[in-house]
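Whatever order the structure lists them in is the order used to number ligands and atoms, beginning at 1. Nothing fancy with the numbering, it's 1 onward along the sequence.
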Amino acid sequence: MKCSKCGGAAIINLHQHRLRLCEEHFLEWVVTMAQRAIEHYAMFTPADKVLVAVSGGKDSLALWDVLLRLGYQAEGMTICLGIDEGIAYSDTSLEKCRTFIAQHHPGSVLHVVDVGAEYGQTIPQLARSTHRGRSKPCAVCGMVKRHIMNRVARDGGFAAIATGHNLDDEAAVLMQNTLHWQAGYLARQAPVLAERDGLARKVKPFIRLYERETAAYALVRDIDYIYDECPYARGATTNFYKELLNQVELRSPGAKQQFYLQFLHARDAGEVTFQEMEQAELQPCVRCGQPTTAGGMCAFCRLWE
Ligand code: Q46
Ligand code: ZN
Ligand code: ZN
């Protein structure tokens with residue numbers, strides 16, 4: 001297999017782009033794809049500070065690596081959730097983030113918030129002590145992560161929070177939302193969520209990359225990442241849809257990409273429209289000052305009460 005650009009030995013076949021690339025040209029291609037998405041969707045500019053949400057996994061570390069290689073002012077942010085069911089997930093996550101900096105970008109800034117140390121309870125403990133997390137701690141976890149991220153972004157003057165979501169992640173969510181005709185979600189699912197009322201802008205620069213490509217990028221760049229998913233992510237519905245879409249992709253290369261990118265295109269061009277969910281007005285929480293719809297205390301502060 002020969003590289004479509006230089007004729008050297010190709011290491012990957014990107015069927016959906018009809019491209020075969022060698023190591024060097026593949027790395028270059030990934031960086032270009034991210035840069036194009038950043039510009040196309042006006043995610044941020046070199047003048048902006050960007051906060052990258054890193055979990056120690058391949059997507060988030062690859063994203064941080066790409067942004068730093070592109071010269072963006074990208075700082076990392078990781079939240080220690082205190083999850084160690086079966087595997088020492090949280091400890092390993094943090095260790096991989098630190099190793100990444102030491103090996104690839106010494107001197108880069110990583111913001112670490114340890115939920116257990118800072119607030120007195122880890123996520124599993126917190127979930128057990130509230131009604132919300134009786135079965136899985138994910139609802140509590142998601143809310144706590146969003147709150148902390150937003151706080152760090154706001155306090156640090158970051159223009160955006162960047163996450164490592166790839167095309168497979170987004171296509172799986174799209175499939176789920178489509179199967180259930182969740183119009184409100186379909187109206188909002190996007191590579192950029194605009195800033196509003198004290199909620200930081202959220203961006204996904206890897207939106208055009210397949211998961212196998214971000215994995216290959218991490219491998220070729222020799223990024224040491226955590227292979228295991230969070231133990232609570234096992235059996236998640238999105239994983240099921242990802243598998244389904246991969247079956248479709250096998251039969252028809254490019255199907256995943258078409259499904260997701262054509263959706264964005266059709267919606268942006270007004271070919272399909274979905275009724276937006278009414279967005280409730282946000283007011284600052286009386287305790288922490290973060291935006292909340294409830295009036296009074298935000299859900300995060302109420303949780304700790
Ligand atoms: S929400 Fe749930 Fe994730 Fe939190 S408890 Fe793990 S799986 S980390 S994306
Ligand atoms: Zn080449
Ligand atoms: Zn609050």
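- The protein heavy-atom contact nearest to atom 3 (Fe) of ligand 1 is K145 NZ, 3.9 Å.
- Aromatic pair W64/H105: centroids not less than 6.0 angstrom apart.
- The hydrophobic cluster containing Y185, built from Ile/Leu/Val/Met/Phe/Trp/Tyr side-chain heavy atoms closer than 4.5 Å, also comprises M277.
- Among protein atoms, those of element N, O or S found less than 2.8 Å away from atom 6 (Fe) of ligand 1 are C230 SG.
- For Y210 and H17, the distance between ring centers is not under 6.0 angstrom.
- A salt bridge is defined here as a Lys NZ or Arg NE, NH1 or NH2 lying under 4.0 Å from an Asp or Glu carboxylate O, and E170 with K204 meets this definition.
- The environment of E271 atom CD is dense: over 12 non-hydrogen atoms of other residues, nucleotides or ligands sit within 6.0 angstrom.
- Ring geometry for F26 against W29 counts as parallel: the plane angle stays under 30°, on a 0 to 90° scale with 60° as the upper cut.
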